[in-house]
Amino acid sequence: MRLGRSARAAIIGFALILGAVACSTSGSTTASAPPSAAGGLEKTKLKIATLPAIDSAALYVAIDQKLFEKEGLEVTPQIVQAAPEAIPMLLNGEIDAMFGNYVSMFQAHDKGSLKLRILAEGSRAAPDSLSIMALPDSPIKTAKDLEGKTINVNVLHNFQELALAQVLKANNVDPASIKYVQVTFQNIMPSWRGGQIDAAYLGEPMVTAATSTMGARKILDPASGPAAEFPISGYVSTQDWYDKNPKVAAAFQRAIHNAAKLMENNREVVAKVLPTFTQIEAATAATVTFPYFSSNDNPVRLQRVADWMLEAKWLTKAIKVESLMSPTTSG
């Protein structure tokens, strides 16, 4: 089946989204109203490594809506194709902070290669933003039918597997029965149609493209049940940078949170910026399901990521996520 231009752009856009991977109290840490951004900042110009992915849209909305400017900051995005590319840049001082998925960040922190400081939460999986899908003629009809089947991921042992394992268990499916294979983005569709994978693990905008152009059927939502609002990615720096720039960190966090608040009830501001830093066309941007963008930081929901990683033996020791998070200064 030939895909139209919009569908191809959607698929490219999803590839860039998952390219991000190859890379307080018991509730929200929201505090009092933010102080004025008048002076006192340790520096005013920031370079932030980011990804050409929907999940990083808050940074671009904050730029477009002059929210960084209101905080006295001038932010320059530096696009990388995968989060791990940015870690050496961060450690060498070439950038001030980076956007990346938590699994990769926690793995780097666990290994000691990155002493992590989380500046602000970024995105959380929303209903229907991720999907395990079957082709129209597939015998897979229910979650139970996935047992013993082969499913694609773009990187083994990352957030895709982590979230899905919990949802499979909740649906009485043994996660160990699933065979995961690493499939490059351009090969997902050929592998799926050719039978190399039995079901496809997709995210937006690829879910929309597969549904509209291939008649694909949703079997399971990896962002449901225990993985509802699963935290995917956020803005991080090093502890050393944070110690030297606490006022800058707070100002950056406020701008990101304020962008997320604006985006909660105004998808147009998101759709407007997506074509400027991704290969998602404006028409596709207007219709896809967006992830949730975090307007405050919550250590409880983020702790799930570290706990599940420890359970999966992807960490050598427990991580207390709250100790890595910056105090929330947004109102």
Side-chain angles (χ1 to χ4, degrees), residues 17-18 20-29 55 82-84 87 99-114 116-118 120-132 143 146-147 149 151-182 199 201-203 219-236 291-292 294 296-325:
I17 290 171
L18 286 186
V21 179
C23 51
S24 11
T25 61
S26 61
S28 167
T29 56
D55 297 66
I87 294 177
F99 181 83
N101 76 86
Y102 296 116
V103 172
S104 293
M105 299 299 100
F106 289 164
Q107 286 172 334
H109 182 81
D110 181 62
K111 293 174 182 176
S113 56
L114 174 66
L116 183 66
R117 187 70 179 195
I118 300 169
E121 287 194 53
S123 65
R124 312 187 310 278
D128 300 320
S129 61
L130 300 170
S131 187
I132 304 299
L146 292 170
E147 285 192 338
K149 299 299 190 293
I151 298 175
N152 67 287
V153 291
N154 74 304
V155 175
L156 295 170
H157 294 169
N158 216 285
F159 86 86
Q160 289 177 286
E161 287 182 53
L162 194 66
L164 182 56
Q166 300 297 325
V167 177
L168 289 171
K169 287 191 288 187
N171 283 270
N172 196 32
V173 178
D174 180 9
S177 71
I178 305 297
K179 180 182 179 183
Y180 293 103
V181 294
Q182 189 166 315
Y201 198 144
L202 305 179
I219 303 300
L220 192 63
D221 186 342
S224 62
E229 297 194 36
F230 181 75
I232 297 174
S233 50
Y235 301 88
V236 307
Y292 292 127
S294 298
N296 59 34
D297 297 337
N298 187 314
V300 174
R301 67 183 172 218
L302 194 47
Q303 186 64 46
R304 280 186 300 171
V305 181
D307 290 347
W308 291 350
M309 289 176 68
L310 186 66
E311 178 184 321
K313 296 182 171 54
W314 295 359
L315 296 176
T316 61
K317 56 188 177 298
I319 292 178
K320 186 178 179 182
V321 173
E322 185 176 7
S323 68
L324 305 179
M325 299 180 72

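Scope of the values below: all heavy atoms of this structure, side chains included, with no hydrogens, waters or symmetry mates.
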Item to check | All salt bridge (charged side-chain N to carboxylate O under 4.0 Å, His left out) counterparts of Arg124, not counting sequence neighbours | outcome: Glu229
Checklist entry - Going through the distances and angles, do Asn158 and Val153 end up as a side-chain contact (heavy atoms from CB on, under 4.5 Å)? => result CA-CA 9 Å; Asn158 216 285; Val153 291; over 6 Å; no
Item to check | Contacts of Phe230 that satisfy ring-ring contact (aromatic ring centres under 6.0 Å, His included) - sequence neighbours left out | outcome: Trp308
Checklist entry - With sequence neighbours left out, what residues match Ala143 under side-chain contact (heavy atoms from CB on, under 4.5 Å)? => result Asn171, Val173, Leu220
Checklist entry - So which pairs with a foot in residues 151-160 pass salt bridge (charged side-chain N to carboxylate O under 4.0 Å, His left out), sequence neighbours left out? => result none
Checklist entry - So how far is it from Leu130 CG to Tyr201 OH, rounded to the nearest 0.5 Å? => result 5.5 Å
Checklist entry - Checking side-chain contact (heavy atoms from CB on, under 4.5 Å) for the pair Val103/Met309: CA distance, chi angles, key distance, verdict? => result CA-CA 8 Å; Val103 172; Met309 289 176 68; 3.9 Å; yes
Checklist entry - Stepwise, does the side-chain contact (heavy atoms from CB on, under 4.5 Å) test hold for Arg304 with Gln166? => result CA-CA 11 Å; Arg304 280 186 300 171; Gln166 300 297 325; over 6 Å; no
Item to check | From CG (Leu202) to CG (Asn152), nearest 0.5 Å | outcome: 6.5 Å
Next on the checklist: One pair to check against side-chain contact (heavy atoms from CB on, under 4.5 Å): Leu156 and Tyr180. What are the steps and the verdict?
Outcome noted: CA-CA 7 Å; Leu156 295 170; Tyr180 293 103; 4.0 Å; yes
Item to check | Under the salt bridge (charged side-chain N to carboxylate O under 4.0 Å, His left out) test, residues paired with Lys320 that sit two or more places apart | outcome: none
Next on the checklist: Please find the pair of heavy atoms, one from Pro299 and one from Glu322, that lie closest to each other, and give the distance.
Outcome noted: CB-CB, 4.0 Å
Next on the checklist: Could you check whether any side-chain heavy atom of Phe99 comes within less than 4.5 Å of a side-chain heavy atom of Val236, counting everything from C-beta outward?
Outcome noted: no
Item to check | Val305 versus Leu162, closest heavy-atom pair with distance | outcome: O-CD2, 3.8 Å
Next on the checklist: Return the CG to CZ distance between Leu315 and Phe106, rounded to the nearest 0.5 Å.
Outcome noted: 8.5 Å
Item to check | His109 versus Ile319, closest heavy-atom pair with distance | outcome: CD2-CD1, 4.2 Å
Checklist entry - Can you name the residues that form a salt bridge (charged side-chain N to carboxylate O under 4.0 Å, His left out) with Asp307, not counting sequence neighbours? => result none
Checklist entry - What is the minimum heavy-atom distance between Asn298 and Glu121, and which atoms define it? => result N-OE2, 2.5 Å
Checklist entry - What residues, two or more places apart in sequence or in another chain, satisfy side-chain contact (heavy atoms from CB on, under 4.5 Å) together with Asp221? => result Pro127, Asp128, Lys218, Ala223, Ser224
Checklist outcome for this item: Shortest non-hydrogen pair, Ser294 vs Arg301, comes out as OG-NH2, 3.6 Å
Checklist entry - Atom CG of Leu146 and atom NZ of Lys179: how far apart are they, to the nearest 0.5 Å? => result 15.5 Å
Checklist outcome for this item: For Glu147, the side-chain hydrogen bond (donor to acceptor under 3.5 Å, both in side chains) test, sequence neighbours excluded, returns Lys144
Checklist entry - Taking only residues two or more places apart in sequence, or in another chain, which ones meet Thr316 in a side-chain contact (heavy atoms from CB on, under 4.5 Å)? => result Asp110
Item to check | For the student: nearest non-hydrogen atoms of Asp55 and Ser123, plus distance | outcome: OD2-OG, 2.7 Å
Next on the checklist: Checking the side chain of Gln303 only, and the main-chain atoms of Val321 only, is there a donor and an acceptor separated by less than 3.5 Å?
Outcome noted: yes
Checklist entry - Who pairs with Lys169 by salt bridge (charged side-chain N to carboxylate O under 4.0 Å, His left out), at least two apart in sequence or on another chain? => result Glu311
Item to check | Spacing of Met105 atom CE and Leu324 atom CG [to the nearest 0.5 Å] | outcome: 12.5 Å
Item to check | Pairwise distance CD(Gln107) to CG(Asn101) - rounded to 0.5 angstrom | outcome: 8.0 Å
